Amino acid sequence: MEQIIVCVKQVPDFSRVSQVPVDPRTGAIVRTGVPGILNPFDRHAVEEALRLREAHGGMVTAITMGPPQARTALQDTLIMGADRAVLLGDPAFAGADTLATSYVLAQAIHRLGPFELIICGRETLDSGTGHMAPSLAEWLDLPQITCVRSLEIRPGLLRARRTVEDGYQEIEGPLPMVISVSKEINEPRPLRLRAVAGAAVREIIVWGLADLGLDRKLVGLAGSATQVPHVFPPKPRAGAEMLDGAVPQAVENLVSRLRDLKVI
Ligand SMILES: Cc1cc2nc3c(=O)[nH]c(=O)nc-3n(C[C@H](O)[C@H](O)[C@H](O)COP(=O)(O)OP(=O)(O)OC[C@H]3O[C@@H](n4cnc5c(N)ncnc54)[C@H](O)[C@@H]3O)c2cc1C
């Protein structure tokens, strides 16, 4: 294979924040100062790309659209073994819905050179629409298979098992193709200490609006077909008590309250 492209996203680390702040005006998640991690499904996507490289050759490119702090998610892909990492970062990209996000990703993918496969995670931990793989397939006019739990590459062809509610389906189609992967597909490799040090000094390619030659009206909030008119944070139910703070602290408080109430 020539190139496998893996789309990754940084998501809030929900084990360290109890609630992610939302801008009441735009409805967008406020990520500044919120610790982030590589979206868990995307670790499986990177792992599958690396296994395919080991079996069939080629290079693995990881790409994300996000704020500057999304670099750390890309660094994780380099630590795992990706050959190069690309950050699509520009203030004009902020506030994008899935349409505008997939548009920018698709335009950048055109610039990455010939590829046989684009791998996405099945969904993200934060927005979790699962739109990205189908949207990329549409923009790039490629076949797609979602929720892939195992796959096999034959010359010019990909055959996959995809998870459905009552079992699985077997589907095949020609390469190049877009797929999204579920967690059953593999066990991601652990991050090795030596690779961590190496990845810290590796270059991350950054492309903005001008690099991609894009029209400002088609990206970010301006290029988004959907708006978030209202955001409704969950309200505590009558008689319920909400425990604030990061998850470890909240769990400690919960256990102590349950002990006080002699429930445990
Ligand atoms: C009106 C509106 C406003 C929004 N404003 C903002 C905002 O201001 N800031 C913000 O961060 N989000 C914003 N979002 C959310 C943003 O649109 C989504 O995070 C993004 O489009 C991806 O959708 P998803 O998270 O549902 O991904 P899914 O479709 O669930 O993701 C599936 C897979 O696609 C890939 N993928 C997803 N996102 C990316 C990405 N960014 N780069 C590369 N690969 C990716 C990953 O492999 C992932 O596992 C907004 C959404 C809406 C509807």
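Numbering of ligands and ligand atoms starts at 1, following listing order. On a predicted model such as this, the values are computed, not experimentally measured, just so you know.
For Asp97, heavy-atom contacts with ligand 1 shorter than 4.0 Å involve the backbone as well as the side chain.
The protein heavy-atom contact nearest to atom 16 (C) of ligand 1 is Ala96 O, 3.3 Å. Regarding atom 21 (O) of ligand 1, its nearest protein heavy-atom neighbour is Thr101 OG1, 3.0 Å. For atom 48 (C) of ligand 1, the closest non-hydrogen atom on the protein side is Asp42 OD1, 3.4 Å. The closest protein non-hydrogen atom to atom 43 (C) of ligand 1 is Val8 O, 2.9 Å. Among protein heavy atoms, atom 3 (C) of ligand 1 sits closest to Gly95 O, 3.5 Å. Thr124 CG2, 3.4 Å is the protein heavy atom nearest to atom 31 (O) of ligand 1. For atom 1 (C) of ligand 1, the nearest non-hydrogen atom of the protein is Thr226 O, 3.3 Å. Counting only heavy atoms of the protein, atom 22 (C) of ligand 1 lies nearest to Met132 CE, 3.4 Å.
The closest approach between a heavy atom of Gly128 and any atom of ligand 1 is below 4.0 Å. Taking 4.0 Å as the cut-off, Ile63 counts as a neighbour of ligand 1 on heavy-atom distance. Taking a 4.0 Å cut-off on heavy atoms, Gly130 registers as neighbouring ligand 1.
Pairs engaging residues 53-63 under the side-chain hydrogen bond (donor to acceptor under 3.5 Å, both in side chains) rule: Gln3-Thr61, Arg53-Asp83, Glu54-Arg189, Thr61-Arg84 [sequence neighbours left out].
Which of Lys9, Gln10, His44 comes nearest to atom 38 (N) of ligand 1 through a heavy atom is settled by distance: it is Lys9. The closest non-hydrogen atom to atom 26 (O) of ligand 1, taken over Thr129, Leu88, Thr146, comes from Thr129.
The distance from ligand 1 to the heavy atoms of Val228 drops below 4.0 Å at these ligand atoms: 1 (C), 2 (C).
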